[in-house]
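Down below is the structure, laid out as structure tokens.
Here is how names work: the chains are called A, B, and so on, in the same order as the sequence lines, proteins then strands, and each is numbered from 1. Every heavy atom of this structure was used, including side-chain atoms; hydrogens, water molecules and symmetry mates were not.
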Protein chains: 2
Amino acid sequence: MNLEALQKMEGLSLQKTIISKIKDLINYKNLEPGDKLPSERMLSDKFGVTRSNIREAIQKLEFYGILNSIPQSGTFVANIGVIAMNGMIEDILRLEDPDFKSLVETRILLELKTVRLAALRRTENDLKKMKEALDAYIIKVKDGQDAVQEDLLFHLAIAKASGNSTMNTFMLIITPEIITNFEKYHVCDKGLAELGIAEHQAIYDAIQEQNPKLAKQKMKDHFSVLYQYCYNI
Amino acid sequence: MNLEALQKMEGLSLQKTIISKIKDLINYKNLEPGDKLPSERMLSDKFGVTRSNIREAIQKLEFYGILNSIPQSGTFVANIGVIAMNGMIEDILRLEDPDFKSLVETRILLELKTVRLAALRRTENDLKKMKEALDAYIIKVKDGQDAVQEDLLFHLAIAKASGNSTMNTFMLIITPEIITNFEKYHVCDKGLAELGIAEHQAIYDAIQEQNPKLAKQKMKDHFSVLYQYCYNI
DNA sequence: TTCCAGATATTGGTTAACCAGATATTTACA
DNA sequence: TGTAAATATCTGGTTAACCAATATCTGGAA
């Protein structure tokens with residue numbers, strides 16, 4: 001049976017098949033952290049796929065910190081151990097595409113934390129940036145225009161002010177999907193937008209006052225109105 | 001002045017320079033969501049870089065949901081609007097590499113949530129998987145061996161049981177960095193490992209009993225010991 | 001003028017040859 | 001025999017030519 005047929009049978013993409021084979025190879029050869037993988041050419045030959053395919057699979061595993069490539073030298077098993085590697089690859093292979101509910105759930109979690117951290121850590125410059133984003137939002141809403149983008153940019157400014165680059169990155173990753181879904185179902189109406197101004201202002205004020213507890217509460221109120229009213233989440 | 005010199009002066013990588021130029025181009029040409037970008041060949045020509053460079057920059061912007069490429073057709077501005085796009089690209093360009101503190105902070109946030117969700121949503125299969133991970137951890141510890149990897153795999157099993165694919169992905173992203181740092185500073189000693197068994201067991205039990213509040217508390221205890229004792233975070 | 005088939009040009013994706021640097025091997029000399 | 005220099009090989013990365021699908025143009029028929 002050829003590779004293509006095998007993929008179709010198991011419902012796996014080519015990349016996932018290759019990742020799985022790389023995992024098996026590492027186990028079969030008992031490769032330890034720091035050991036070198038066979039060269040890309042050898043792998044592409046062995047698996048009967050193109051070198052590009054191999055490179056893409058390796059790049060994905062690099063993204064998750066499982067391998068790392070060094071130019072003109074080779075690709076190496078990262079310093080995380082075989083057991084963790086096996087478990088993580090299993091997880092990566094089975095990872096589903098995120099649904100909107102999981103995105104919103106994660107967004108709320110992150111925002112309740114970043115707003116608190118922002119209240120604690122915001123610099124004067126952060127404050128200025130947030131104010132700019134807030135003003136842009138207010139102008140758009142008062143003009144009766146859609147302001148989903150300005151809305152999200154205000155929230156991203158908060159994430160940045162949190163001083164936590166990991167959370168900032170994660171917020172950036174989920175934001176476009178949130179925007180797309182918002183615009184797809186064109187969430188809520190103008191009346192709510194007016195309310196949004198007050199809520200955003202309250203969040204901003206709490207951050208300015210460096211009151212983390214109040215900031216978190218105001219953010220909670222904001223989401224409570226937004227999502228429970230619009231979606232019943 | 002050539003491009004290379006400009007980069008060195010501003011301390012930007014080639015990719016960031018290209019991303020910035022793409023942003024400027026979209027603004028200059030007033031491209032709206034759904035509009036087509038100039039072809040890769042044209043861009044590489046215009047910017048004086050190779051097509052590969054352009055492709056990598058586009059792929060990064062695709063990852064963040066700002067562009068999307070369609071084979072044999074073109075690369076298009078995603079449906080998120082110009083304002084959001086500009087703000088997001090600014091953020092992406094200024095994004096710093098995550099420090100360990102921000103990783104730990106994010107990890108704790110995610111784990112306190114996933115453990116709660118896992119207690120609410122875990123299936124029998126999830127439970128089985130968590131038990132396996134827990135047993136593997138216990139065996140390693142009782143044998144006096146280092147068990148960082150098994151530790152993290154137990155936590156990843158919880159993340160999976162949470163039923164939230166976004167949080168699951170995020171946990172996978174930060175895990176290797178956590179492991180590496182743990183092993184680098186070889187966190188804590190055997191005495192703590194014995195305690196770890198009891199803590200993990202308590203977390204597992206709470207999830208099995210479907211008691212979200214208790215599960216969260218036990219996870220909090222776990223981190224309290226782990227990080228406050230070892231790092232003073 | 002409108003419409004549609006066919007030809008042409010353009011697109012992102014793929015491939016194979018090429019590159020510079022790292023590594024392994026051989027050679028030459030002490 | 002040991003060591004260092006020279007050479008050959010192998011590495012991931014880069015590049016330019018190629019591919020098939022798509023979009024656009026052209027010209028003639030209705």
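- Separation of atoms CD1 (A/Ile19) and CG (A/Leu67) is listed at 9.0 Å; rounding is to 0.5 Å.
- Within the 4.0 Å cut-off from OP1 or OP2 of D/dG12, not a single side-chain nitrogen or oxygen of A/Arg55 is found.
- Residue pairs meeting the side-chain hydrogen bond (donor to acceptor under 3.5 Å, both in side chains) criterion with at least one member in residues 23-35 of chain B, sequence neighbours excluded: B/Lys23-B/Glu90, B/Asn27-B/Asn86.
- Partners of A/Asp99 under the side-chain contact (heavy atoms from CB on, under 4.5 Å) rule, at least two apart in sequence or in another chain, are A/Lys101, A/Ser102, B/Ser165.
- Taking the six-membered ring for Trp, A/Phe154 and A/Tyr137 have ring centres at least 6.0 Å apart.
- Side-chain N/O atoms of B/Ser69 and B/Thr75 include a donor and acceptor closer than 3.5 Å.
- Straight-line distance from the CZ atom of B/Arg41 to the P atom of D/dA23: 16 Å, rounded to whole Å.
- For DNA chain D, the neighbouring residues in residues 61-73 of chain B, judged by any heavy atom under 4.0 Å, are B/Gln72, B/Ser73.
- Using modelled atom types, one side-chain atom of A/Ser162 and one backbone atom of A/Ala159 make a donor-acceptor pair closer than 3.5 Å.
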Exercise for the section: Test A/Met130 against A/Ile158 for side chain to side chain contact (heavy atoms under 4.5 Å, CB included), laying out the working first. Expected result: CA-CA 7 Å; A/Met130 284 184 274; A/Ile158 295 173; 3.9 Å; yes
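- Computed from coordinates, the A/Glu56 CD to D/dG12 C1' distance equals 15 Å when rounded to whole Å.
- Between B/Asp135 and B/Lys131 there is a salt bridge, since at least one side-chain N of the basic residue sits less than 4.0 Å from a carboxylate O of the acidic one.
- Side-chain polar atoms of A/Glu105 and B/Asn164 form a donor-acceptor pair below 3.5 angstrom.
- For DNA chain C, the span of nucleotides reached by chain B at under 4.0 Å from its heavy atoms goes, 5' to 3', from C/dT11 to C/dT14.
- Listed in residue order, the members of residues 33-40 of chain A having a heavy atom less than 4.0 Å from DNA chain D are A/Ser39, A/Glu40.
- In this structure, the ring pair (Phe, Tyr, Trp, His ring centres under 6.0 Å) partners of B/Phe63, at least two apart in sequence or on a different chain, are A/Phe63.
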